[in-house]
Every structure is written in structure tokens, then in C-alpha cells.
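Computed from heavy atoms alone, side chains included, the values below leave out hydrogens, waters and symmetry copies. Just so we're on the same page: letters track the sequence lines, and every chain starts at 1.
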There are 2 protein chains.
Amino acid sequence: MDSNKKFLNGTLNTIVLALLRDNGRMYGYEICQKTKEATNNQINLTEGAIYPTLHRLEKEGLLFSTKEKVNGRVRKYYHVNQSSIKEVNSQINLLAQFVGNLRTLLKPSL
Amino acid sequence: MDSNKKFLNGTLNTIVLALLRDNGRMYGYEICQKTKEATNNQINLTEGAIYPTLHRLEKEGLLFSTKEKVNGRVRKYYHVNQSSIKEVNSQINLLAQFVGNLRTLLKPSL
DNA sequence: CACCTATACCTAATTCTGTTATGTATCTTT
DNA sequence: AAAGATACATAACAGAATTAGGTATAGGTG
């Protein structure tokens, strides 16, 4: 389990954008948990990776955040900035394309 | 074209192993060209990346190399070390698994 | 009550790996 | 003769994730 660590490099940014675009608002901790579940513990996003990534994407203007108090704890929800939706879509398309290329290259192994 | 740059991180190692396992011996320059062709210029491996990678994999014992003079120029062919075939297969399987996970996560975008 | 676990955020030091930029050398084409 | 393709190589740099730490609240258990 959790063996996809090294492969994550470079793709994490775009994975986060895709999750937020397709699932609506999410908060950092939730992204880690949902991803873990969805991939049967094979992709285990670390918090040391996810939070800097979210901050970076917000700084770049692709995301914005809203704070909400839930059960006494503050949650920071991230949303895709609709004014950046074209850029977000294009980044996700590039990742989809890359996945396609990987499949092409690994075809004999799939 | 050549827009998959940032995604490559972490996967290059294993891509090289897969190409060598499935296509027999190849040399560095050839790996760059063949990959470019196979992906319609979308994955453009740089020589600054491929040569250190090949050296690293050889140092780790997963590959070995043989030199050959072709048309007056020396080519360095790399081969999968058969005593490491299990390890090589397992690394390739992990990458294949990761690709599957990416597809799961990006499903709404594919 | 004290302790542990889960939830939820954050950052810093380090490591790894690919990019960019060079350099060398031979062969082929113009 | 010059330019471009082939073919190897390395060094400085940048970016991103890992590892490891820290803060804080809520809920359950011995």
C-alpha cells in the first residue's frame, strides 16, 4: 500500500484541481482521505504536500478559499476560481493527455 | 507539443525500464527519439534527464550496458539485467497501478 | 480525569530529479 | 565549408514531494 509516492511528483497540482472541479468545494484533509479511499490506500497524499500545494494554487489565482466553523473546528474549503476555469480545464486536459501517453508507452505492460 | 514536462518527474525511471524490457536493448538517444515519436512529440525526453537516469539505473544494478561502434560513432546500448527482472517487473507494475489510479481520480475528465 | 485517536490546520529542512545550458565528437547533407 | 543530425556527457539550478515536526479541538476509553 501507499507505493505510488514517487510517481506523484508533478501530477499532484493537477489532481487537486481535477478533484475540486469535479466534486465542488473540498478541504485539505478531506482531499487526502478521499484520495486514499478512492485508490484503495495506494495514493496516500501527505499533508506536507497537500497544504503547500493548495496555498500555491490559491496564490496563483486558480483557487480561492473560505473558512467555516464545523463542530468547533475551523475548516478551510477550497474552490475552483470560476474566472480561471479555462486554465484549470487546460491543465487537467494536459494531465489526461499525459496519462494517455503513459498508457501508450506501457502498453505491452498493461 | 512537449507539454508533459512537469508530469514526467518520478515516472522517467520506470518508463525507461519498461521500454528496455519490452523492446530489448536501446541506447539513450534512441530512447529519446522513440518516445517522442510514440507520443507525437508530447513527451520530449531531454538528454540531460535520460543519461543521468541510465547511469543511475546501471549503478543500481537494474541495467547493464555494452558499447558498440556503429558508423564510426560509439553507441552505448542498455539492457535489463536479467538477474533484476523481478525487481524491474515490480517497478513497472507499480507505475501501471499508478496510471490506473490516475484514471480513477480523473475519471470525470476522461 | 488522563490519555489516546481522529480531525484539521501549518511549516521547515532535506532530498530527489528534471530543466537548462554547455561541451565534445563524428557523420551527412547542402 | 557550414549546418544539422547523431550520440555521448556533466554541472548549476529550480521545483516539488518526503520526512518530521508543531498547534489545537473533539470524542471516546480505562
Side-chain angles (χ1 to χ4, degrees), chain A residues 1-17 25-37 42-60 62-63 65-78 91 95 98 101-102, chain B residues 1-17 25-37 42-60 62-63 65-78 91 95 98 101-102:
Chain A
M1 313 133 211
D2 174 38
S3 30
N4 295 18
K5 261 176 200 168
K6 51 176 176 266
F7 297 132
L8 217 51
N9 226 302
T11 59
L12 177 55
N13 244 291
T14 316
I15 289 175
V16 168
L17 291 177
R25 67 176 200 177
M26 297 178 82
Y27 54 100
Y29 191 78
E30 185 187 12
I31 294 176
C32 295
Q33 303 304 315
K34 292 277 175 68
T35 302
K36 208 178 192 176
E37 270 179 62
Q42 286 164 27
I43 292 188
N44 190 11
L45 303 185
T46 61
E47 300 182 42
I50 197 72
Y51 290 116
T53 293
L54 288 168
H55 299 162
R56 200 186 307 135
L57 292 172
E58 186 172 24
K59 208 171 183 179
E60 288 172 11
L62 301 180
L63 301 180
S65 62
T66 54
K67 285 184 188 176
E68 222 169 289
K69 200 160 196 170
V70 181
N71 300 325
R73 283 192 229 86
V74 173
R75 269 187 203 161
K76 205 166 159 191
Y77 280 102
Y78 286 87
Q91 287 200 27
L95 178 54
F98 178 65
N101 284 327
L102 276 184
Chain B
M1 313 132 211
D2 174 39
S3 29
N4 294 17
K5 261 175 201 169
K6 50 178 175 265
F7 297 132
L8 212 54
N9 224 302
T11 59
L12 177 55
N13 245 291
T14 316
I15 289 175
V16 169
L17 291 178
R25 68 175 199 177
M26 297 177 84
Y27 54 100
Y29 192 78
E30 184 187 12
I31 294 177
C32 295
Q33 303 305 315
K34 292 276 175 66
T35 302
K36 208 179 191 175
E37 270 179 59
Q42 286 163 27
I43 293 187
N44 190 11
L45 303 185
T46 62
E47 301 182 46
I50 197 73
Y51 291 116
T53 294
L54 288 168
H55 299 162
R56 200 186 307 136
L57 291 171
E58 186 172 24
K59 207 171 186 178
E60 288 172 12
L62 300 180
L63 302 180
S65 62
T66 54
K67 285 183 187 175
E68 221 168 290
K69 199 159 197 171
V70 181
N71 300 327
R73 280 192 231 86
V74 173
R75 269 187 204 161
K76 206 166 159 190
Y77 280 101
Y78 286 87
Q91 287 200 28
L95 179 53
F98 177 65
N101 284 327
L102 275 185

dA7(D) phosphate, OP1 or OP2: any side-chain N/O from Tyr27(B) under 4.0 angstrom?
-> yes
Student check: side-chain heavy atoms of Val16(B) and Tyr78(B) closer than 4.5 Å | no
Rounded to whole Å, the CG-C1' distance (Leu12(B) to dA16(D)) equals 16 Å
Report the distance from atom CG of Asn71(B) to atom P of dA7(D), rounded to the nearest whole Å.
-> 8 Å
Rounded distance (Å) that lies between atom C1' of dT6(D) and atom CD1 of Ile31(B) = 15 Å
Would a 4.5 Å heavy-atom cut-off, applied to side chains only, mark Leu102(B) and Phe7(A) as touching?
-> no
So, for Glu30(A) and Arg25(A), which heavy atoms are closest and what is the spacing to 0.1 Å?
-> OE1-O, 4.4 Å
Grab the two heavy atoms, one from Leu17(B) and one from Gln91(B), that are nearest each other, plus how far apart they are.
-> CD1-OE1, 3.6 Å
Rounded interatomic separation in angstrom, taking CG from Leu8(A) and C1' from dT19(D) | 15 Å
Find the distance Tyr77(B):OH to dT6(D):C1' and express it as a whole number of Å.
-> 12 Å
Does Gly10(A) or Val70(A) map to a spot on DNA chain D nearer the 5' end, using the closest nucleotide for each?
-> Gly10(A)
Which residue lies toward the 5' end of DNA chain C, His55(A) or Asn9(A), if each is placed at its nearest nucleotide?
-> His55(A)
Going by heavy atoms in the side chains, are Lys6(B) and Asn13(A) under 4.5 Å from each other?
-> no
Pairs under 3.5 angstrom only: tabulate donor-acceptor contacts from the side chains of residues 47-57 of chain A to other protein residues two or more places apart or in another chain.
unit_1: Thr53(A); atom_1: OG1; unit_2: Ala49(A); atom_2: O; d: 2.8
unit_1: His55(A); atom_1: ND1; unit_2: Tyr51(A); atom_2: O; d: 3.3

Just call it for Arg75(A): base, sugar-phosphate, or nothing, with non-hydrogen atoms closer than 4.0 Å on any strand.
-> sugar-phosphate
Using atom NZ of Lys5(B) as one end and atom P of dA14(D) as the other, report the distance to the nearest whole Å.
-> 16 Å
Tell me, do Ile15(A) and Leu8(A) make a side-chain contact under 4.5 Å, heavy atoms counted?
-> yes
Contact span of DNA chain C against chain B, any nucleotide atom under 4.0 Å from a heavy atom, 5' to 3', runs dT17(C) to dC27(C)
Kindly compute the distance separating CG (Asn4(B)) from CG (Leu45(B)), expressed to the nearest 0.5 Å.
-> 10.5 Å
Whether Glu58(B) side chain and Ser65(B) backbone form a donor-acceptor pair below 3.5 Å | yes
Should Tyr29(B) be listed as having a side-chain N or O under 4.0 Å from OP1 or OP2 of dC8(D)?
-> no
Could you tell me whether the phosphate oxygens of dA9(D), OP1 or OP2, come under 4.0 Å of any side-chain nitrogen or oxygen in Lys76(B)?
-> yes
Nearest-Å distance, CG (Leu54(A)) to P (dA17(D))?
-> 11 Å
Let me know the distance between CD of Glu30(B) and C1' of dA5(D), rounded to the nearest Å.
-> 15 Å
Residue pair Arg73(B)/Asn13(A) against DNA chain D: nearer the 5' end by closest nucleotide is Arg73(B)
Look for any protein N or O under 3.5 Å of an N or O in nucleotides 20-23 of chain D and output each such pair with its distance, or none.
none

Close side-chain approach of Thr35(B) and Asn101(A), heavy atoms under 4.5 Å | no
